[in-house]
Amino acid sequence: EAQVTQNPRYLITVTGKKLTVTCSQNMNHEYMSWYRQDPGLGLRQIYYSMNVEVTDKGDVPEGYKVSRKEKRNFPLILESPSPNQTSLYFCASRSNTGSSEAFFGQGTRLTVV
Amino acid sequence: SQQGEEDPQALSIQEGENATMNCSYKTSINNLQWYRQNSGRGLVHLILIRSNEREKHSGRLRVTLDTSKKSSSLLITASRAADTASYFCATDRQGGKLIFGQGTELSVKP
């Protein structure tokens, strides 16, 4: 089954404690992206990757890091989380060839206290 | 910066009625896509319309695209309570970036 898998689904952490949210896709997609969703603000892109070893900033990259060492994985790293990073996070993937739809993970609800 | 802006932000209708949501954008696009999100869940792709298309249908969904006005609309006909969700437009720009708007919350009352 084609899917994007994020882990964990829920996470409560303390300010400053480094964390990683994993994202994996099984569709051999070149493009992967991270979004955060906040009430009234819709989905805002954090980082995206067009292919292995190619990453670029989205609209709200501050406080986040990503890596794309393998095609299937695109982890989101918060080196020093702060309360304003409390949000619902989504990973998505899509093919780079032609017009294509994006597939989303189930979401990770992060709370930073 | 956000590309798509949906209108209205919230819409409440009765079952059986039609629901229309609009999306405006600012720059040129390759295609425009509509997604649905049930509360707190991941987005699910509904329909894609290319920049050289004007109208597209899929079941009870009808999408139009006016590139001269930089706008699109999503029509859901004969709505059902199960259509209650948030709907997002996403613009697909050169380079593959997919940018989402703020969404329309649709509530369909039985």
Side-chain angles (χ1 to χ4, degrees), chain A residues 2-7 9-10 21 23-25 27 29-51 54-61 68 87-111, chain B residues 1-10 21 23-53 56 58 61 63 65 67 72 85-105:
Chain A
Q3 60 184 5
V4 177
T5 303
Q6 289 178 234
N7 280 297
R9 293 289 309 279
Y10 302 92
V21 184
C23 174
S24 180
Q25 50 95 4
M27 294 165 280
H29 286 163
E30 297 86 3
Y31 180 96
M32 297 186 75
S33 180
W34 277 102
Y35 297 88
R36 62 177 288 174
Q37 185 176 28
D38 302 289
L41 296 177
L43 277 89
R44 294 180 292 169
Q45 191 174 50
I46 303 171
Y47 269 95
Y48 64 100
S49 168
M50 299 295 287
N51 216 323
V54 180
T55 62
D56 210 345
K57 296 177 181 178
D59 296 317
V60 288
R68 188 87 183 275
S87 188
L88 180 58
Y89 291 86
F90 289 101
C91 178
S93 75
R94 63 189 293 219
S95 170
N96 270 354
T97 55
S99 298
S100 63
E101 66 180 274
F103 292 80
F104 279 78
Q106 321 93 301
T108 295
R109 190 168 289 282
L110 172 66
T111 302
Chain B
S1 59
Q2 287 297 302
Q3 172 76 312
E5 296 290 336
E6 285 94 341
D7 168 54
Q9 290 190 336
M21 289 158 266
C23 170
S24 61
Y25 57 93
K26 294 179 182 146
T27 62
S28 61
I29 59 172
N30 293 330
N31 63 70
L32 187 141
Q33 305 181 26
W34 286 90
Y35 289 78
R36 167 191 168 127
Q37 182 185 35
N38 287 353
S39 181
R41 309 291 295 268
L43 279 71
V44 175
H45 182 262
L46 292 175
I47 193 166
L48 179 153
I49 185 164
R50 300 177 200 279
S51 59
N52 61 355
E53 296 176 313
K56 201 161 184 181
S58 176
L61 305 180
V63 170
L65 179 64
T67 52
S72 173
S86 293
Y87 292 83
F88 293 85
C89 70
T91 49
D92 193 350
R93 294 188 282 176
Q94 204 70 23
K97 281 187 72 172
L98 199 58
I99 303 296
F100 288 82
Q102 296 180 0
T104 293
E105 278 190 40

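Proteins get letters first, then strands, A, B, ... in listed order; numbering begins at 1 in each. FYI, side chains are in, hydrogens and waters are out, and symmetry mates aren't considered; it's all heavy atoms of this structure.
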Undergrad: Holding to side-chain hydrogen bond (donor to acceptor under 3.5 Å, both in side chains), I want the full list of residues that pass it with A:Thr55, two or more places apart in sequence or in another chain.
TA: none

Undergrad: Looking only at atom types and distance, does a side-chain atom of A:Gln6 sit under 3.5 Å from a main-chain N or O of A:Gly107, one as donor and one as acceptor?
TA: yes

Undergrad: Return the set of residues passing ring pair (Phe, Tyr, Trp, His ring centres under 6.0 Å) with B:Tyr35 (not counting sequence neighbours), or none when no residue passes.
TA: A:Phe104, B:His45, B:Phe100

Undergrad: Can you tell me which portion of A:Gln106 sits under 4.5 Å from chain B's heavy atoms? Options are side chain, backbone, both or neither.
TA: backbone

Undergrad: Measure B:Leu43 against the heavy atoms of chain A and call it side chain, backbone, both or neither at under 4.5 Å.
TA: both

Undergrad: Between B:Asp92 and B:Arg50, does at least one N-O distance fall below 4.0 Å, as a salt bridge requires?
TA: no

Undergrad: Under 4.5 Å from any heavy atom of chain B, what part of A:Gln37 do you find: side chain, backbone, both or neither?
TA: side chain

Undergrad: Checking side-chain polar atoms at under 3.5 Å, does B:Thr104 have a donor or acceptor matched by the opposite partner on B:Gln9?
TA: no

Undergrad: Chain B heavy atoms under 4.5 Å from A:Tyr35: which part of the residue, side chain, backbone, both or neither?
TA: side chain

Undergrad: Top residue by heavy-atom pair count (under 4.5 Å) with chain A, among B:Ile47, B:Val44, B:Leu48?
TA: B:Leu48

